[in-house]
Amino acid sequence: MSLIITDECINCDVCEPECPNEAISQGDEIYVIDPSKCTECVGHFDEPQCQQVCPVDCIPLDPNHKETEEQLMEKYLVLTGQL
Ligand code: SF4
Ligand code: SF4
């Protein structure tokens, strides 16, 4: 499951450099996460790094992008050129 940034985002820019998959970018109004690149940080860290640093706690899991742990690990391997 990828994460999603809600409209509570205050555009503080703290999360973007923390993402190991470069999945976060500035959108039209708030920051956005590319679900094809977000692995919940699986493969890189134990916890989603963006959630750890967001000062307003506005990055929940996105129920529209459900994935298993195995799918997230496979995505990580593809993104890092190991598959
Ligand atoms: S959970 Fe990890 S991979 Fe997904 S957007 Fe946040 S920092 Fe990036
Ligand atoms: S850390 Fe939170 S508030 Fe700051 S840009 Fe990212 S999602 Fe928005």
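We count ligands from 1, going down the list as the structure has it; atoms in each ligand are counted the same way. Here the structure is a predicted model, which means the values were calculated and not measured.
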Self-check item: Contact atoms of ligand 1, heavy-atom distance to Ile33 under 4.0 Å
Solution: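 It comes down to these atoms of ligand 1: 5 (S).
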Quiz item: Which ligand 1 atoms does Thr39 reach within 4.0 Å, using its non-hydrogen atoms?
Solution: 3 (S)
Practice problem: Determine the sole option in Asp7, Thr6, Ile10, Ile30 for which the side chain to side chain contact (heavy atoms under 4.5 Å, CB included) test with Cys58 is passed. | Solution: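 Option passing the side chain to side chain contact (heavy atoms under 4.5 Å, CB included) with Cys58: Thr6.
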Quiz item: For Cys50, which of Cys41, Cys15, Cys19 qualifies under side chain to side chain contact (heavy atoms under 4.5 Å, CB included)?
Solution: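 Option passing the side chain to side chain contact (heavy atoms under 4.5 Å, CB included) with Cys50: Cys15.
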Exercise. Looking only at protein heavy atoms, identify the closest one to atom 3 (S) of ligand 1 and say how far it is in Å.
Key: Asn21 ND2, 3.4 Å
Practice problem: Provide, to 0.1 Å, the distance between atom 8 (Fe) of ligand 1 and the closest protein heavy atom, together with that atom's residue and name. | Solution: Cys19 SG, 2.3 Å
Self-check item: CD-CD distance between Glu74 and Glu69, expressed to the nearest 0.5 angstrom
Solution: 13.0 Å
Quiz item: Does one side chain, of Asp34 or Ser25, offer a donor that lies under 3.5 Å from an acceptor on the other?
Solution: no
Quiz item: Closest approach of Leu61 and Ile4, non-hydrogen atoms and distance?
Solution: O-CG2, 4.2 Å
Quiz prompt | Atom of Ile59, atom of Gln51 and distance for their closest heavy-atom approach | solution = O-NE2, 2.9 Å
Quiz item: When you check the space around atom 6 (Fe) of ligand 2, which protein N, O or S atoms turn up under 2.8 Å?
Solution: Cys15 SG
Quiz prompt | Element-labelled atoms of ligand 2 that are located less than 4.0 Å from some non-hydrogen atom of Val56 | solution = 3 (S)
Quiz item: Looking at Pro55, which atoms of ligand 2 are within less than 4.0 Å of one of its heavy atoms?
Solution: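 That gives atoms 1 (S) of ligand 2.
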Practice problem: Go through the steps for Ile24 and Ile5 under the test side chain to side chain contact (heavy atoms under 4.5 Å, CB included), then give the verdict. | Solution: CA-CA 9 Å; Ile24 304 174; Ile5 295 174; 4.2 Å; yes
Practice problem: Could you tell me whether Asp46 atom CG has more than 12 heavy atoms of other residues or ligands within 6.0 Å of it? | Solution: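 12 or below, so no.
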Quiz item: Who's closest to atom 2 (Fe) of ligand 1 heavy-atom-wise, of Cys38, Cys41, Gly43?
Solution: Cys41
Quiz prompt | Under-4.0 Å salt bridge between Glu22 and Lys37 | solution = no
